[in-house]
Amino acid sequence: MKDIKHFINGEYVGSASGKTFDNVNPANGRVLSRVHEAGREEVNAAVNAARAAFNGPWGRMTVDQRTEILHKVADGINARFEEFLDAECQDTGKPRSLASHIDIPRGAANFKVFADLIKNVPAESFEMPTPDGTGALNYGIRRPKGVIGVISPWNLPLLLMTWKVGPALACGNTVVVKPSEETPTTTALLGEVMKAAGVPDGVYNVVHGFGGNSAGAFLTEHPDVDAFTFTGETGTGETIMRAAAKGVRQVSLELGGKNAGIVFADCDMDKAIEGTLRSVFANCGQVCLGTERVYVERSIFDEFVARLKAGAESLVIGPPDDETSNFGPLISLKHREKVLSYYQKAIDEGATVITGGGVPDMPAELAHGAWVQPTIWTGLKDDSPVVTEEIFGPCCHIRPFDSEAEAVQLANSLPYGLASAIWTENVTRAHRVAAQVEAGIVWVNSWFLRDLRTSFGGSKQSGIGREGGVHSLEFYTELKNICIKL
Ligand SMILES: NC(=O)c1ccc[n+]([C@@H]2O[C@H](COP(=O)([O-])OP(=O)(O)OC[C@H]3O[C@@H](n4cnc5c(N)ncnc54)[C@H](O)[C@@H]3O)[C@@H](O)[C@H]2O)c1
Ligand SMILES: O=C/C=C/C=C(\O)C(=O)O
C-alpha cells in the first residue's frame with residue numbers, strides 16, 4: 001500500500017507518532033493509500049522550514065528568478081499531466097473529462113498567471129507640498145507577508161490549492177499547506193514538481209491530517225504563521241478566523257454558498273438549460289459556485305422543469321475510467337449521508353420529486369461507492385432547509401417567480417452571497433439585475449467562465465476578501481508607504 005507523507009523542507013517525511021489514516025476512492029470504496037497524520041511536531045517543523053526559506057533563499061531571489069521557477073512548476077504539472085489526472089480522479093471519483101479540462105490545466109495556469117502578473121503591478125506614488133516649500137514624495141512598495149497557512153477543501157483539490165499557492169509564492173511568501181484529508185494526493189505530488197523545478201527547500205511544505213484537533217487546528221494555532229487563506233465551509237471559516245485573531249493575523253476566506261440561478265422568460269432556453277445543468281450537476285454538485293436554487297419566470301416554468309429533468313436523466317453515471325461517464329460519485333459515504341438526509345427532508349416537507357431523490361443501482365464492483373442520483377424538486381416553501389442550507393450535492397429546487405423584483409428579492413433572501421447566474425437576452429435587464437444581486441460573482445448567460453485576472457470571492461457569509469488578479473497580490477503582500485521629504 002502506498003504511503004502519503006508530509007513534505008517538509010524539501011523532503012517527504014512520515015509522522016513521528018506513526019499515526020495514519022486511509023485515503024479512500026469514493027467510486028468503489030477501496031483504500032488507495034495510507035496518509036500520515038501530522039501532529040504538532042510536524043506542523044512545527046513545516047512552519048520552521050517555511051520561515052527559514054522565507055528569510056533565506058526565496059526571500060533573496062529577484063522577482064525574475066522567482067517567476068522563472070514558477071513557470072517551471074507549471075510546466076512540471078503539464079509534463080506529469082496524466083499522473084496528476086489519475087491521482088485527482090482516484091481521490092475524488094470525478095470524471096476524467098472534467099478533471100482533464102478544469103482541475104489539472106487550472107493547476108498549471110494558477111502558477112503562470114500570477115508569475116506574469118507580479119511583474120506588471122504598478123506602485124502608487126503621491127507628491128505633496130510641505131510648509132517649507134521643498135515638498136515630499138510618497139511611494140508604495142509591496143513586500144511578501146511571510147509564512148502563509150493554506151487550508152484547502154476536497155472538491156477541486158489541485159485547482160483550489162494552487163489558486164492560493166501560486167500567488168502566495170509569486171509574491172515571495174513561503175507556504176504550509178494542509179490539504180483536505182479526503183484528497184491528499186495531488187498536493188503531495190506537487191512537492192516532487194516543486195523540487196524538480198528548483199523551488200528551494202522549505203518554500204512549499206505540506207502537512208496532512210484532519211481539521212479540529214489535528215493538522216488544520218495545529219497550523220492555525222501556530223503563532224509563527226503570518227496569514228491564512230482558506231476555502232471551505234462557512235462554519236470552518238469562523239473557527240479559523242477565531243484562531244487567526246490570536247496575534248491579529250489576516251485571513252482570506254472563500255466559504256459556502258446557496259447560489260441562485262435566475263431564468264427569465266426572455267432567455268435563450270437552450271443556453272439556460274445547458275448552463276443550469278452544468279451549474280447544478282457538474283462535479284456531482286460539489287462546486288461552491290454551483291446552483292442549488294433555481295428561480296424561473298412563471299410563463300416558462302413548466303417547459304424549463306421538463307427540459308432540466310430530461311437533461312438530468314441523460315447524465316451518464318459512472319467511474320472516472322469509464323470514458324462515457326460525466327457524473328461521478330460524491331466525495332465520501334459520510335457526505336452522501338448528509339446529502340441523502342436532505343433528499344429525505346425534501347420528501348418529508350412535501351416536495352414534488354421531479355427526478356432522482358435516491359441512490360442509483362450500480363454494478364457490484366461500485367456498490368460501495370458514494371453514488372447518488374441527480375435530483376430536482378419543486379413545491380417547497382422558501383424557508384425549507386432544503387432551500388436555505390448548502391447541501392453541496394447534485395440537486396436543486398426550482399420555484400416560479402412573477403416579476404423581476406420578486407426574483408431579486410428571492411435571490412437575496414439568504415445569508416450567503418457567493419455566485420449567481422442570470423439567464424436573459426435583454427441586456428438592460430442583465431445589467432440591472434446583476435447589479436442588484438448580492439453576490440461576489442455574477443454570471444450572465446454563462447457559469448464558471450473564469451478569467452483569472454478578475455476578483456473572486458463571496459459577500460455576506462460566503463467569505464471575506466477577494467482573490468484573483470491584483471486582489472490576490474493585495475492579500476499576499478504588505479503595502480508599505482515611504483514618505484521622503486525632499
Ligand atoms: N467560496 C469558495 O471559493 C469555495 C470553493 C470550494 C469549496 N467551498 C466550500 O467548501 C465546502 C466543502 O469543502 P470541505 O467539506 O472540504 O470544507 P471543510 O470546511 O470541511 O474543510 C476544508 C478544509 O478545512 C480543514 N479544516 C476543517 N476543520 C478545521 C479546523 N477546525 N481548523 C483548521 N482546518 C480545518 C479541513 O481539514 C479541510 O482541509 C463547501 O461549503 C463549499 O461551498 C467554497
Ligand atoms: O468550488 C469552488 C470553485 C472555486 C473556483 C475557483 O476558486 C476558481 O476558479 O479560481
Side-chain angles (χ1 to χ4, degrees), residues 21 35 37-38 43 92 102-103 105-107 109-110 113-114 149-164 166-167 177-184 187 206-222 225 228-244 251-259 279 282-290 292 330-332 334-335 338 389-393 416-419 439-441 447-469 471-472:
F21 58 94
V35 189
E37 183 181 352
V43 171
T92 60
I102 296 186
D103 301 64
R106 269 291 304 278
N110 286 340
V113 165
F114 290 107
V150 177
I151 301 179
S152 49
W154 44 257
N155 60 327
L156 302 162
L158 184 72
L159 187 161
L160 290 171
M161 181 269 295
T162 53
W163 173 241
K164 297 167 179 306
V177 183
K178 209 299 280 172
S180 169
E181 56 275 24
E182 306 280 3
T183 53
T187 304
V206 181
V207 288
H208 299 286
F210 303 88
N213 198 27
S214 182
F218 302 155
L219 182 59
T220 56
E221 286 162 13
H222 199 293
V225 180
F228 296 96
T229 175
F230 168 75
T231 298
E233 285 179 15
T234 296
T236 314
E238 288 176 347
T239 306
I240 289 174
M241 220 175 151
R242 269 193 293 274
V251 289
S252 173
L253 304 177
E254 301 195 335
L255 308 177
K258 184 75 179 177
N259 308 306
S279 76
N283 208 36
C284 201
Q286 304 165 118
V287 182
C288 59
L289 310 160
E292 289 191 357
L330 291 169
I331 190 65
S332 64
K334 184 164 161 248
H335 186 48
K338 174 183 163 184
E389 295 172 10
E390 181 184 54
I391 301 172
F392 222 52
Y416 290 115
L418 185 54
I441 304 151
W447 177 75
F448 208 171
L449 187 56
R450 294 280 290 114
D451 181 327
L452 305 191
R453 296 167 299 182
T454 61
S455 68
F456 183 96
S459 57
K460 301 200 271 188
Q461 289 181 24
S462 290
I464 290 187
R466 295 289 180 271
E467 298 197 25
H471 311 285
S472 292

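Start at 1 and go down the list; that is how both ligands and their atoms are numbered.
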- Message: I'd like to know whether ligand 1 has Gly458 as a neighbour, heavy-atom separation below 4.0 Å.
- Response: no

- Query: Closest non-hydrogen protein atom to atom 25 (C) of ligand 1, residue and atom name please, with distance?
  - Reply: Ile151 CG2, 3.6 Å

- Note on the structure: Pro153 heavy atoms within 4.0 Å reach ligand 1 at atoms 13 (O), 14 (P), 16 (O)

- Query: Are a donor atom and an acceptor atom from the side chains of Lys164 and Thr231 found within less than 3.5 Å of each other?
  - Reply: yes

- Note on the structure: For Thr239, the ligand 1 atoms with a heavy-atom partner under 4.0 Å come out as 31 (N)

- Query: Applying a strict 4.0 Å limit to heavy atoms, is Arg106 in contact with ligand 2?
  - Reply: yes

- Note on the structure: re atom 35 (C) of ligand 1, the protein heavy-atom contact at minimum distance is Gly211 CA, 3.3 Å

- Message: Just to confirm my output: which protein heavy-atom neighbour is closest to atom 34 (N) of ligand 1, and how far is it?
- Response: Gly216 CA, 3.6 Å

- Proximal atoms of ligand 1 relative to Pro179 (non-hydrogen, under 4.0 Å): 39 (O)

- Item | Distance filter under 4.0 Å to Gly212 heavy atoms, resulting ligand 1 atoms | 28 (N), 29 (C), 30 (C), 31 (N)

- Would you mind running through ligand 1 and noting each atom that sits below 4.0 Å from a heavy atom of Gly256? 41 (O), 43 (O)

- Message: Below 4.0 Å, non-hydrogen atoms only: which portion of Ser214 touches ligand 1? Side chain, backbone, both or neither.
- Response: neither

- Task: Could you check whether the rings of Phe456 and Trp163 sit parallel, tilted or perpendicular, using 30° and 60° as the cut-offs?
- Result: perpendicular

- For atom 17 (O) of ligand 1, what is the nearest protein heavy atom, given as residue, atom name and distance? Glu233 N, 3.5 Å

- Message: If you compare all heavy atoms of Gly232 against all heavy atoms of Pro153, which two are closest, and at what distance to 0.1 Å?
- Response: CA-CB, 4.5 Å

- Polar contact flag for Thr231 and ligand 1 (N/O pairs, less than 3.5 Å): no

- Heavy-atom contacts with Glu181 under 4.0 Å: which atoms of ligand 1 show up? List them by number with element. 36 (C), 37 (O)

- Message: Which of the numbered atoms in ligand 1 are under 4.0 angstrom from any heavy atom belonging to Leu160?
- Response: 5 (C), 6 (C)

- Distance-minimising heavy-atom pair for Arg466 and Gly440: NH2-CA, 3.8 Å

- Rounded distance (nearest 0.5 Å) linking atom CD of Glu37 with atom CD of Glu181: 9.0 Å

- Message: I'd like to know whether CG of Asn213 has more than 12 heavy-atom contacts from other residues, nucleotides or ligands below 6.0 angstrom.
- Response: no

- Query: Which is closest to atom 40 (C) of ligand 1 by heavy-atom distance: His208, Lys178, Glu467, Glu390?
  - Reply: Glu390

- Task: Output the list of atoms in ligand 1 that are nearer than 4.0 Å to some heavy atom of Phe456, sorted by atom number.
- Result: 3 (O)

- Query: Going by distance only, is there an N or O of Cys288 that falls short of 3.5 Å from an N or O of ligand 2?
  - Reply: yes

- Query: Could an N or O of ligand 1 be found under 3.5 Å from any N or O of Asn155, whether backbone or side chain?
  - Reply: no

- Item | Side chain, backbone, both or neither: the part of Leu418 lying under 4.0 Å from ligand 1 by heavy atom | side chain

- Nitrogen or oxygen of Gln286 less than 3.5 angstrom from that of ligand 2: no

- Query: Tell me: protein heavy atom nearest atom 12 (C) of ligand 1, and distance?
  - Reply: Phe392 CE2, 3.5 Å

- Query: Tell me: protein heavy atom nearest atom 14 (P) of ligand 1, and distance?
  - Reply: Trp154 NE1, 3.3 Å

- Task: Looking only at distances, please establish whether an N/O atom of ligand 1 is found under 3.5 Å from an N/O atom of Gly209.
- Result: no

- Look at the side chain of His335 and the backbone N and O of Phe392, then say whether any donor-acceptor pair between them is shorter than 3.5 Å. yes

